Amino acid sequence: MTGQERPGAERWVPSRGGMRMLREAAHDCRGCELWKDATQVVFSDGPVSARMMLVGEQPGDREDLAGEPFVGPAGRRLDDALDAAGIERDGVYLTNAVKHFRFERRGKRRIHEKPAVGHIDACRPWLEAEIAVVRPTVIVALGATAARSLLGRTVRIGAVRGTVLESADKRGTPLVVTVHPSSLLRLPDQADRAAAFDAFVHDLRRAGELVT
Ligand code: URA
Ligand code: SF4
């Protein structure tokens, strides 16, 4: 830390200690305003010994209530794809670029709202700390928000998909960028959905091959 206060999660992230300390400290984070309306922080799931890390966008409605990432519809799609790619979900470390749910209230419903670049950048110190503890040998960015966090710049998924990049973390971890599983749920046409699912599985399998 410098003498000057910077916005963002940095001052809440413990500078030493393992995953348990990170997880506990995240409950107190006030690095951006998203903690105010959310039920709770949603940190991560999966073993610290994992060699593959998957990074999503932010918790959704279901995750916000459960306190666990990827337990809703997008998570089920992700499970199916991991299964098809021959990757065990229990063996991967699963987290999000932004740890609090951003939404808009419409009547009784809470409608998912994409995190802004400011939220992504504010939350990045948590992701960096997770990478430093887990030390994955490959990271998968699920969608543009995760890609923004891991690359430190905004990219178009279509432009970087299929290439192996380097994460902007201190270790320069090999990074595969793919779509977010919720994008598969939104396609109205059945054939398009099946093709998009296959392409997603292909990306996950490719990432699996990079694990060392
Ligand atoms: N979408 C995400 O990006 N992460 C979750 O945890 C759930 C849905
Ligand atoms: Fe902190 Fe991230 Fe939550 Fe913002 S979204 S309060 S930076 S944990």
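Counting starts at 1 for both ligands and their atoms, in listed order. Quick caveat: nothing in here was measured; it's all calculated off a predicted structure.
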Practice prompt. Can you run down the ring pair (Phe, Tyr, Trp, His ring centres under 6.0 Å) pairs that involve residues 82-113, sequence neighbours left out, and say none if there aren't any?
Written response: F101-F103
Worksheet item: Who passes side chain to side chain contact (heavy atoms under 4.5 Å, CB included) against V164, sequence neighbours left out?
Response: P174, R206, L210
Discussion item. Which residue is it: R23, R171, K99, R124? I am looking for the one with a salt bridge (Lys or Arg N to Asp or Glu O under 4.0 Å) to E130.
Written reply: K99
Worksheet, complete the sentence: Note: H180, heavy atoms under 4.0 Å from ligand 1, region reported as side chain
Worksheet entry | For ligand 1, the portion of E63 having any non-hydrogen atom under 4.0 Å away | side chain
Worksheet item: Among all protein non-hydrogen atoms, which one is nearest to atom 4 (N) of ligand 1, and what is the separation to 0.1 Å?
Response: N96 OD1, 2.7 Å
Item to complete: Starting from atom 5 (C) of ligand 1, locate the nearest protein heavy atom and write down its residue, its atom name and how far away it is, to 0.1 Å.
Response: Q58 O, 3.5 Å
Item to complete: Could you list the atoms of ligand 2 found under 4.0 angstrom from a heavy atom of V98?
Response: 5 (S)
Worksheet item: More than 12 heavy atoms of other residues, nucleotides or ligands under 6.0 Å from CZ of R51: is that the case?
Response: no
Worksheet item: Ignoring waters, how many protein N/O/S atoms are under 2.8 Å from atom 1 (Fe) of ligand 2?
Response: 1
Which side-chain N or O atoms in residues 68-87 pair as donor and acceptor under 3.5 Å with protein atoms at least two apart or in another chain?
residue: R77; atom: NH1; partner: D80; partner atom: OD2; Å: 2.8
residue: D79; atom: OD1; partner: R89; partner atom: NH1; Å: 2.8

Worksheet, complete the sentence: ligand 1 to G56, heavy atom cutoff 4.0 Å, flagged ligand atoms 3 (O)
